[in-house]
Amino acid sequence: MRRHLLLLAAALLAGVALAQQPKTIDVWAIIQNSTDQTLPNMVKDFNAMHSDMQAKLTQYQNDPYKQKLIVAMGANQGPDVFFGWGGGTLKEYVDAGKVYDLTSALNADPQWKSRYPASVLAGATFDGKIYAVPINNVQPVFFYYNKQLFDKYGVNVPTTWDDLMAAVKTFNDNGIAPIALGGASKWPDLMWEEYLVDRVGGPGAFDAAASGKAGAWSSDAFIKANTMIQDLVKANGFQNGFESTTQDSNAPAALLYTGRAAMELMGSWEYGTIDNAASDFVSNGNLGVFAFPAVTGGSGDPKDIAGNLANYYSITSFAKNKDVAVQFLKDEALSDSQVIAQLKVGQVPAAAGISDLINQYGSAPDFQNFVNGLVSDAPNFQLSWDQALSPAMGQELLRNLDLLFTQQITPQQFSQNMDQAAASQ
Amino acid sequence: MVKRLDAQTTVMAALPLAFYLLFVIVPLGVAVALSFQTWNGLGPATWAGLSQWRKLFADPVVWTALGTTLRLMVYAWLIQTPVSLALGVFLAGREPYRDLLAILFFLPLLFSAVAIGLTWIYILDPSFGVLTAVAQQLHLHAPSWLGQRWVLVTLAVVISWEFIPFHTLLYQAAAQQIPAELYEAAELDGAGLLGRFRTITLPQLRYTFVTSSLLILVGSLTYFDLILVMTQGGPGYRSTVLSIYMYNEAFAKLHMGYGSAIAVLLAVLGVLLSLALLRVSGFTRMRSQLEGG
Amino acid sequence: MARRAFRHGRRRRPLGARLVSAALAVVWALTAAFPVYYMIITSLKTQAGFFNAPLWLPPKRPTLANYHRVIFSEGITHDFLNSVVVTCAAVVIALVLSMLAAYVIVRIERRWVRWTLNLFLLGLAVPIQAVIIPVFALVNVLNIYDTLWALILPSAGFAMPITVLILANFFRDIPRSLFEAMGLEGAGHLAILRRLVVPLALPALASIGIYDAVNVWNNFLFPLVLTQSQGVQVLPTALYQFQGQFGIEVPPLMAAVVLSAAPLLALYAIARRSFLRALAGGFA
């Protein structure tokens, strides 16, 4: 009799223990520069708030992350929540049925949904359904420059492309690399393409190409933009050896803050990279920013911008604890505390009503107001092409850009190759 | 020698054999089998007939990669062989400071390909590399070592840096075995320094020359570690050798069937190369070196 | 290598030739040593020192902070331990199995036994790139993917060909009379192996053991493909990951590189000649 009681007690205890095991979710994301602690903070905060639900974060380098995600999606064995950029890549996962539809969860909680600007949600909306929520900053692309070098050689902030080319010559004459570029990673090349095509031909040029229209990649806008790019390369606009410099190594930023390069065209996240590696450079006021210059005679609005709308978290369709995942997003994705934390490290979160908060909480209000102004004044915010296009086309684009920047193909060949690739999709 | 197996020896034979078959020989067969399938590494493999092979022969990147591999092999051999030979002969001699220098000679052997690759990247970096800085001090223009024009030569130099010590060991050991009498006889015949080198040293090192060349050529056919770490096959496809292409296809894009076809191609080329080299060098008909023939 | 009588002639070599060969030797010695020198001095610099001072000079104020960071913050000790475990286990397995195989090959005179030797020789010609995909599949089937066994077992397998070859060659040189003597005493094969062969073969075992150990220690493709978690990282993959993580922070990266070669550097310092002899494998 005693033995049975003991067994019963043991079973009960075990049952209670099991029942009290917290439900966990796996969150996958990329490694970000260490000033931006948003990703770990979201998880830490959530875990502290809930004893019955826990989140575990695993971070990977950018390119390996993309690979691992493809593998995991293919095997239906991966994270519950995953980091992304919206656009075409997310759409592919959605089309393959791998992403959980958040529309009803968002609509059921208007306060939650109202945290996110409609334009940012649009980057993760397909067929009227929302598949992700933004979690961090708006990421437009613009120029960073070394104020000391500009002052030393009497260069003014360029407002037109011709100004930029003149600045390139001045810096080269004085042995300074005009522009730092991480060409080996290929996607930094893309930023030049996105802006020049838009400046020359307006958003319509890329829209036509993205929609798969035949011959769209051979429009005048592309030919002219690519010619301008090669002119820049031939004028030694980029540092020596740019085609073997990777962006991930943060070498381009290092060139800028060690005074070996004068400018860098990069996304808003680079501010954090530079601040983290060389805070003196920033606090001494040597880091400047300016918007991509206008192209005289181009039909695009000089206030258009390109970049990433934000980064997003999505929930996988095969996640085992979807309720926990939804709660995680509700609690943390651009919550008030996260927004304030991001403002305090010089970010501009992609949240509604951000303009008022910058002056109150921002750690670098000049920079943050600049970024916010860029985004709110922009008639058109073009999502990075390698995210806007399907992954296969994105790969083709990066490959051809690399060949263009290293002068192995002509602008005409670029257009031909891209049209061919589009036709065979 | 015993003519029969008993229980003990059967086990003694079966255990290693089973292990070896499982991990080395069976995979060889599976690699061939996989080249006729389509497989993404996760789900089941589906039969693909000859489609992977047809794709292989029609793929321009394969031919580019093959060319790149061949060029790398030639560069690697051209750099390593004369240097290893010269160093090996030098070390076998009696120069007084030989021992001191030898300590430095063999340092590269201590580092993995990854460690070597990482160090050399930052020696060669166009912006932050020490070689670039030295060149600037000397008012010379440093080329972009890992850029499209020089990357293959640079890789060959780094690979050579890694392996010259090994081949030096081979040549040194062989040179030390050459009997002194041969040299004395040649000297008596009036042969000068170069003459003795040409008529005695080189022929006596022929066996080592073949072994070393075989190792260099077959080794650089499948060379992978250093290239992945230093260039990942770039810029573009400039340093994409066959093994890198196979890795990207199989493990980055998950085209495992296609990757297997490339792998089988690699293996076949390796075997053919080995056989050809052995045939051409007359190795199989080699007369005894000891006869001083 | 008893015959150290190698020289080009009894007379002193002409001065010109000696100068040229000396110059070339010094050039190579500097070329071999310079990257190691660079590695070490850079590992002792701060990031600011790396950016601002000449790269070819040692730091004015050397610091051990990079080593501290790599050991205590980045967990290189765990990767180091993994490397040790994998190397020791793989080498032990390879040596034991190869000893057994070599013994049978040398002692049993049957046709199929000779064939097994050829089978092992075939393994010498097989590059691991050619079979890495099937090994990946095998490791998944055996359910050891992403564990240290995924590294230990294939490494042991691929070390066997050269090990069997070297050991077989060595065993062949053991006089038959010794075997027969033990056989007359009634000793079985395992006993002969244990009491006769192994003690005699210790130098060869040590030599080929070191050769195998260095190859397993430095292997990169196996851990790259057969593991992915940080917990089972070995030094080569740890270095690769540090490269992605540190980027332009070269000093800590160089500290990691130095640490990864520390055991081999130690071996080299202690027993250079035997170590070098071992590294030449069976080829010298």
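Lettering of chains follows the sequences in order, A, B, ..., and the numbering in each one begins at 1.
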B:A86 versus chain C, the contacting section by heavy-atom distance below 4.5 Å: neither
B:R198 atom CZ: more than 12 heavy-atom contacts under 6.0 Å: no
Partner chain C: residue of B:L87, B:L266, B:T132, B:I200 with the largest heavy-atom pair count (under 4.5 Å): B:L87
Atom group of B:L28 that falls short of 4.5 Å from chain C, counting heavy atoms: both
Contact winner vs chain B - C:T116, C:T31, C:V135, C:L265, heavy-atom pairs under 4.5 Å: C:T31
Donor on one side chain, acceptor on other, B:Q8 and C:H189, under 3.5 Å: no
Check: B:Y183/B:T201 side-chain N/O donor and acceptor closer than 3.5 Å: yes
Structural part of C:Y38 lying under 4.5 Å from a heavy atom of chain B: side chain
Side chain, backbone, both or neither of C:L235 within contact of chain B (heavy atoms, under 4.5 Å): neither
Chain C contact via B:V134 - which portion, at a heavy-atom distance below 4.5 Å: both
By salt bridge (Lys or Arg N to Asp or Glu O under 4.0 Å) - contacts of C:E249 (at least two apart): C:R69
Chain B contact via C:L259 - which portion, at a heavy-atom distance below 4.5 Å: neither
B:Q232 versus B:Y247, side-chain donor and acceptor atoms under 3.5 Å: no
Heavy-atom pair count under 4.5 Å with chain C, highest-scoring of B:V11, B:I103, B:V32: B:I103
Near-ring test B:Y20/C:F120, centroid separation under 6.0 angstrom: yes
Chain C contact via B:V229 - side chain, backbone, both or neither, heavy atoms under 4.5 Å: both
Proximal component of B:F105, with respect to chain C [non-hydrogen, under 4.5 Å]: both
Region of C:I93 in contact with chain B, defined by heavy-atom distances below 4.5 Å: side chain
Pairwise distance CG(B:L21) to CD1(B:I25) - rounded to 0.5 angstrom: 6.5 Å
Best-contacting candidate, B:L100, B:I262, B:V264, B:I164, against chain C by heavy atom pairs under 4.5 angstrom: B:I164
Chain B contact via C:L253 - which portion, at a heavy-atom distance below 4.5 Å: side chain
Residue B:A13 versus chain C: region with a heavy atom under 4.5 Å: both
Portion of B:M256 that has a non-hydrogen atom of chain C nearer than 4.5 angstrom: both
Per-residue contact mode, C:A94 against chain B (heavy atom under 4.5 angstrom): neither
List the atom pairs, with distances to 0.1 Å, where a side-chain N or O of residues 106-123 of chain B and a protein N or O form a donor-acceptor pair under 3.5 Å, not counting sequence neighbours.
unit_1, atom_1, unit_2, atom_2, d
B:S112, OG, B:A115, N, 3.2
B:T119, OG1, B:A115, O, 2.8
B:Y122, OH, C:G247, O, 2.9

Greatest number of heavy atom pairs closer than 4.5 Å to chain B - which of C:L24, C:L239, C:L138, C:L153: C:L153
Top contributor to chain B interface from C:V257, C:V131, C:L264, C:I133 [non-hydrogen pairs under 4.5 Å]: C:I133
